[in-house]
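Input: a single structure, listed below in structure tokens.
Source: prediction; values computed, not measured.
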Amino acid sequence: MARQSSTTTNGRGRVALYLRVSTGRQADSDLSIPDQRRQLEAYAQAKGWAVDMEFVEPGNTATDDKRPAFQAMIDAGLTKPPTFDTILVHSFSRFFRDQFLFEFYTRKLARNGVRLVSITQELGDDPMGLMMRQIMALFDEYQSRENAKHTLRAMKENARQGFWNGSHPPLGYRVVDAEQRGTKTKRKLEIDPQQAECVRLVFRLALMGDGQSGPMGVKAIVNHLNANGLKTRDGGRWGISSVYGVLTRTTYVGEHRFNTRVYKSGEQKDESEHVVMAVPAIVDRETFDTVQQLMNRRNSRTEGGNFAASPILLAGICHCGICGGTMTLRTGQNGRYRYYTCASRART
């Protein structure tokens, strides 16, 4: 969120404030942002600088640049001439917790005549000041990685004890308060009766069909659900990936898997890093295993599965090295050349 002040000055005294907290909880409690603003404004006043703009980032991490207010500030700082001369932060960690990207952006701004100043880590522009700034940025990155490691370890232990770590629950479940530990409320998953019936229907269709056919494949189930006006939890139409996800998710037999992918890249983690969290089962193990066998047999009816008839040479063989998804064929320059790309990335 950016805010522009009505007071402006010419020269080196035009300042933009950048205020950031790491979590939405901190932003909602209204503790850190007002405190940063108060200190930054007092510092600017003591220097005789006029605060022209303010950029507020409530609940975004500084480990990457996917921050709307940050990007708006960078755009304003890289205009010619720049909108302000100085970006004022409480500490360098408010700006970035990645040493490479910290230097990348501070140098881009410097080439356009914009300085980055921390009110708690005042450094000069000489080589010694530059070196100290780089060391501080490197330490901030190290500290961020250590915090993330300890946080993940605590979340894995929380999952082992059967407690929910957050985010949207799987279809068929809802999050409820389970117990109070000090100031923290522990939460668990419980079955949502209405959504759970939809999950059971998907498994029944895969196992026995709709009474007019035998066991259905994924595409047939998708068509059946959409034809009968059944919606996803978000009110949308069913797709192949959503139905396949339901049929293959071990959560529905009481074994929810936590820590399966790398958060930033989506890369699949080794199974040894997964944590199995006990949750109430929606379908029994026998039904689940039988459906898996039916799906495997259906995919192997032709040699190489359904990919055998595909016109794409490497279909079913070539997979994305980051997320593990299948690769699909794309064309460029009106069909002059063809190339493979991650199907998941191309779709989303």
Side-chain angles (χ1 to χ4, degrees), residues 1-9 12-78 82-99 101-110 112-125 129-130 132-148 150-151 183:
M1 180 175 63
R3 187 182 72 185
Q4 188 161 3
S5 170
S6 59
T7 304
T8 59
T9 61
R12 297 293 300 175
R14 300 175 305 164
V15 175
L17 307 185
Y18 182 65
L19 306 96
R20 183 188 67 80
V21 290
S22 299
T23 66
R25 186 183 303 171
Q26 287 179 321
D28 294 339
S29 63
D30 199 33
L31 295 174
S32 185
I33 291 292
D35 188 49
Q36 288 179 57
R37 181 183 293 115
R38 178 184 59 79
Q39 294 187 50
L40 294 177
E41 288 178 344
Y43 184 92
Q45 185 177 11
K47 292 285 187 179
W49 296 343
V51 177
D52 284 0
M53 303 188 74
E54 179 183 289
F55 298 89
V56 181
E57 207 83 66
N60 277 311
T61 178
T63 56
D64 58 44
D65 57 2
K66 297 179 177 64
R67 293 172 268 161
F70 177 85
Q71 288 298 337
M73 179 180 67
I74 295 298
D75 289 342
L78 295 180
T83 311
F84 41 79
D85 306 301
T86 302
I87 295 174
L88 202 59
V89 295
H90 184 267
S91 63
F92 289 131
S93 64
R94 298 297 90 190
F95 186 76
F96 245 114
R97 284 185 176 271
D98 181 287
Q99 198 268 343
L101 290 174
F102 181 97
E103 285 299 315
F104 173 77
Y105 280 106
T106 53
R107 293 188 184 202
K108 282 186 70 173
L109 291 165
N112 203 40
V114 178
R115 299 181 301 164
L116 176 68
V117 175
S118 164
I119 66 172
T120 58
Q121 299 163 310
E122 293 191 70
L123 299 172
D125 296 326
L130 175 62
M132 290 302 300
R133 187 185 71 190
Q134 292 174 340
I135 291 174
M136 288 178 180
L138 190 62
F139 179 77
D140 285 338
E141 179 180 349
Y142 167 77
Q143 187 179 44
S144 178
R145 291 178 181 272
E146 283 294 297
N147 289 341
H150 296 314
T151 299
T183 59

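The distance from atom CD of Gln36 to atom OH of Tyr18, rounded to the nearest 0.5 Å, is 9.5 Å. Between atom CD of residue Glu57 and atom CG of residue Leu19 there is a gap of 10.0 Å, rounded to the nearest 0.5 Å. For the atom pair CG of Leu78 and NZ of Lys108, the computed distance is 5.5 Å after rounding to the nearest 0.5 Å. Rounding to the nearest 0.5 Å gives a distance of 10.5 Å between CG of Asp98 and CD of Glu103. Here Asp85 contributes atom CG and Leu109 contributes atom CG; the two are 12.0 Å apart, rounded to the nearest 0.5 Å. One distance of note links CD1 of Ile74 with CZ of Phe95; it measures 4.5 Å at 0.5 Å rounding.
Here the rule is side chain to side chain contact (heavy atoms under 4.5 Å, CB included) with Leu88, and of Leu17, Val51, Leu116 only Leu17 fits it. When each of Lys47, Gln39, Gln45 is checked for a side chain to side chain contact (heavy atoms under 4.5 Å, CB included) with Tyr43, only Lys47 meets the rule.
In this structure, Arg20 contributes its side chain and Val89 its backbone to no donor-acceptor pair below 3.5 Å.
With sequence neighbours left out, the side-chain hydrogen bond (donor to acceptor under 3.5 Å, both in side chains) criterion links Asp75 to no other residue. Taking the side-chain contact (heavy atoms from CB on, under 4.5 Å) definition, one finds that Thr120 meets it with His90, Ser91, Ser118, sequence neighbours left out.
In terms of heavy-atom proximity, Val114 sits nearest to Gly77 at CG2-O, 3.5 Å. When all heavy atoms of Ala69 and Val56 are compared, the closest pair comes out as CB-O, 3.4 Å. Looking at every heavy atom in both residues, Ile87 comes nearest to Phe84 through CG1-CE1, 3.5 Å.
Annotation: cation-pi pair Arg67/Phe55 absent, no NZ/CZ under 6.0 Å from the ring centroid and within 45° of its normal.
Aromatic rings of Phe70 and Tyr105 (six-membered ring for Trp) have centroids within the 6.0 Å cut-off, being under it.
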